[in-house]
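Numbers here simply count residues along the sequence, with the first being 1.
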Amino acid sequence: MKPSSSTSDLFGPLFTDPAVEAEISDGAWLRAMLDFERALAIVQARAGLVSEEAARMVVTAIDVGHYDPVELGAGALTSGTPVVPLVRAIGAHVTAEGRAAVHNGATSQDVLDTALSLVAFRALGPVLDGLRGVAKECERLAQRHRDTLIAGRTLAQHALPTTFGLKCAGWLVAVDEAVDDLTRVREQRLAVQFGGAAGTLAAVNDPSLTDQLAAQLGLAAPLIPWHTNRTRIAELAGSLGVAAGVLAKVAQDVVLLAQTEVAEVAEADGGTSSAMPHKHNPVRAVLVNACARRVPALVSTVLSAMAQEHERAVGAWHSEWQTVTELLRLVGGAVRGMRELLSRLRVDPERMRRNLELTGGLLMAENVAVRLAARIGRAEAQDLVAEVCRSAVLSGKSLRAALEADLRIDLSPEEVAEALDPAGYIGSAGEFVDRALAAHRERAGR
């Protein structure tokens with residue numbers, strides 16, 4: 001049996017995306033830590049704080065040296081972070097002169113906070129690519145089904161007619177907003193950390209190094225060190241939580257629409273059961289939901305870690321490393337699953353239309369009341385139509401038959417038929433779809 005990796009070989013494929021996994025693995029974290037140490041040596045050499053030869057030795061040691069995450073993890077037990085054994089390992093590959101340029105003026109939290117920012121920045125690349133793919137699928141569905149009638153449901157009951165295109169447009173707007181938020185965090189809030197032992201940079205006394213480090217690593221430059229100001233990490237976690245929630249809403253809609261009794265959509269493939277040969281389960285929606293359900297607790301962990309002691313927290317920032325890694329993993333998995341789901345979603349407009357008739361026209365009662373209100377007043381119309389609806393349910397008649405049989409209903413048969421036509425009572429649904437599509441295309445520069 002091969003040794004286990006950082007993610008489960010048994011369950012991992014269900015809940016992650018290989019492209020994201022490559023950026024959050026132990027190797028990716030180690031690479032980010034080494035990137036910080038390399039950049040630190042380079043910018044300090046430029047500033048004249050260490051010799052160029054010493055910096056070259058450090059860069060060479062980082063580029064060609066062998067650093068094992070397993071060994072670093074075991075060595076971290078005495079210091080509480082893997083940075084101490086990593087610095088020793090780098091130092092072992094250089095001369096005494098070179099060691100002067102290793103980790104100069106930095107503290108362990110500088111390395112790990114910057115590494116977390118780098119890991120998140122890199123992992124958010126495929127996450128955002130995937131979310132944009134999800135948005136593209138929502139755009140396609142919204143455009144194709146702009147005028148496809150479907151029962152709108154409130155509190156899980158038929159409410160009024162709407163369009164499947166508007167439902168997809170709602171998905172699209174939410175996904176676009178999640179993309180905007182994660183992009184802002186990625187580009188503006190993931191920052192380098194360089195404050196030294198107590199956030200004063202006393203050992204090097206050159207705050208411009210922070211800006212140079214940020215430029216070297218492609219991260220944002222903070223105003224001052226942020227060792228115990230965790231707003232950046234909290235914003236990252238919150239934005240990932242929002243993205244997961246957006247995807248969970250779409251998945252939940254698909255699960256409900258795919259129920260046997262509804263059958264308005266279906267996943268195109270998969271969904272087998274170990275016991276029931278007839279089953280076609282919405283398995284991708286299920287897995288997206290499974291990812292999303294784990295996310296709020298992880299976001300909560302990050303938020304709870306914001307209260308930190310003085311200039312260095314007692315365990316709070318340590319709790320973020322694996323928590324943020326798992327957040328990125330789960331959101332990446334949810335994005336991958338949702339993109340696959342929507343790209344092969346089967347939509348049944350005929351079933352949607354048939355389901356509109358399940359209540360015998362009752363979901364059009366509001367339109368009838370609106371038309372009557374012009375003649376007898378709003379309150380009177382509401383009460384009268386409600387009474388007719390109750391009568392229809394008790395008698396088993398359609399709403400049309402109940403209305404035509406009630407002499408108090410001052411509408412002609414033609415007016416009743418018009419009032420009960422779902423296509424005539426979808427309000428601004430089409431315009432809302434068009435707005436969502438136009439906004440999405442503007443975002444995409446199309």
Side-chain angles (χ1 to χ4, degrees), residues 11-21 126-153 162-176 178-179 243-293 330-356 358 433 436-437 440 444:
F11 299 114
L14 301 174
F15 304 117
T16 191
D17 174 4
V20 176
E21 193 64 38
V127 168
L128 284 165
D129 286 344
L131 275 174
R132 293 186 186 102
V134 171
K136 185 175 181 180
E137 295 301 333
C138 292
E139 176 193 22
R140 175 183 62 81
L141 290 167
Q143 183 172 5
R144 178 175 297 179
H145 296 283
R146 178 186 186 275
D147 302 310
T148 300
L149 293 175
I150 190 174
R153 297 169 171 95
T162 182
T163 68
F164 186 61
L166 183 56
K167 187 183 291 287
C168 297
W171 299 345
L172 173 61
V173 170
V175 173
D176 276 343
V179 168
V246 166
L247 297 173
K249 188 281 187 284
V250 180
Q252 189 83 330
D253 279 353
V254 170
V255 168
L256 294 172
L257 293 173
Q259 291 180 103
T260 303
E261 297 83 354
V262 180
E264 293 175 352
V265 305
E267 293 189 17
D269 53 15
T272 56
S273 165
S274 64
M276 296 169 282
H278 68 284
K279 293 293 292 296
H280 187 83
N281 298 317
V283 65
R284 288 182 178 81
V286 168
L287 293 176
V288 170
N289 259 326
C291 288
R293 286 177 184 273
L330 291 170
V331 174
V335 169
R336 178 194 184 196
M338 182 55 63
R339 189 174 186 177
E340 292 175 352
L341 185 164
L342 292 178
S343 69
R344 296 195 286 271
L345 187 70
R346 290 204 304 256
V347 180
D348 190 341
E350 292 183 4
R351 181 63 179 245
M352 291 174 178
R353 185 61 194 243
R354 289 199 302 273
N355 283 347
L356 282 168
L358 285 177
V433 173
L437 291 174
H440 174 72

Discussion item. What's the separation between atom CG in L128 and atom CZ in R132, rounded to the nearest 0.5 Å?
Written reply: 5.0 Å
Item to complete: Check whether any side-chain heavy atom of E267 sits under 4.5 Å from a side-chain heavy atom of V283, and report yes or no.
Response: yes
Worksheet entry | Closest contact, heavy atoms only, A243 versus A178 | CA-CB, 4.1 Å
Discussion item. Quick check against the 3.5 Å criterion: does R336 have a side-chain atom that pairs as donor or acceptor with the backbone of T16?
Written reply: yes
Practice prompt. For the pair E137 and R140, evaluate salt bridge (Lys or Arg N to Asp or Glu O under 4.0 Å) and give the outcome as yes or no after the intermediate values.
Written response: CA-CA 5 Å; E137 295 301 333; R140 175 183 62 81; 2.9 Å; yes
Worksheet item: What is the distance from atom CZ of F15 to atom CG of L287, rounded to the nearest 0.5 Å?
Response: 5.5 Å
Practice prompt. Inspect the contact between E139 and K136 and indicate whether a charged nitrogen and a carboxylate oxygen are less than 4.0 angstrom apart.
Written response: no
Worksheet item: Do M352 and V265 come within less than 4.5 Å of each other through their side chains, counting heavy atoms only?
Response: yes
Worksheet item: If only atom types and distance count, is the side chain of R351 paired as donor or acceptor with the main-chain N or O of E264 below 3.5 Å?
Response: no
Worksheet item: Looking at side-chain heavy atoms only, is the closest gap between R146 and T163 below 4.5 Å?
Response: no
Discussion item. One pair to check against side chain to side chain contact (heavy atoms under 4.5 Å, CB included): V335 and D17. What are the steps and the verdict?
Written reply: CA-CA 8 Å; V335 169; D17 174 4; over 6 Å; no
Discussion item. With rounding to the nearest 0.5 angstrom, report the CG to CZ distance, L257 to R153.
Written reply: 6.0 Å
Discussion item. Nearest 0.5 Å, please: how far is OG1 in T148 from CG in L166?
Written reply: 12.0 Å
Item to complete: For A244 and A292, work out which heavy atoms get closest and say how close.
Response: O-CB, 3.7 Å
Worksheet item: So does R354 have more than 12 non-hydrogen atoms from other groups sitting under 6.0 Å from CZ?
Response: yes
Worksheet item: Got V262 and L256 here, is their nearest side-chain heavy-atom distance under 4.5 Å?
Response: no
Worksheet entry | Distance, nearest 0.5 Å, that separates CG of D348 from CZ of F164 | 11.0 Å
Discussion item. Side chains of L342 and V250, heavy atoms from C-beta outward: is any pair under 4.5 Å?
Written reply: yes
Discussion item. Rounded at 0.5 Å granularity, tell me how far CG in L341 sits from CG in L247.
Written reply: 10.5 Å
Worksheet item: Between L437 and L172, is any pair of side-chain heavy atoms under 4.5 Å apart?
Response: yes
Worksheet item: Just wondering, more than 12 heavy atoms not from R344 lying within 6.0 Å of its CZ?
Response: yes
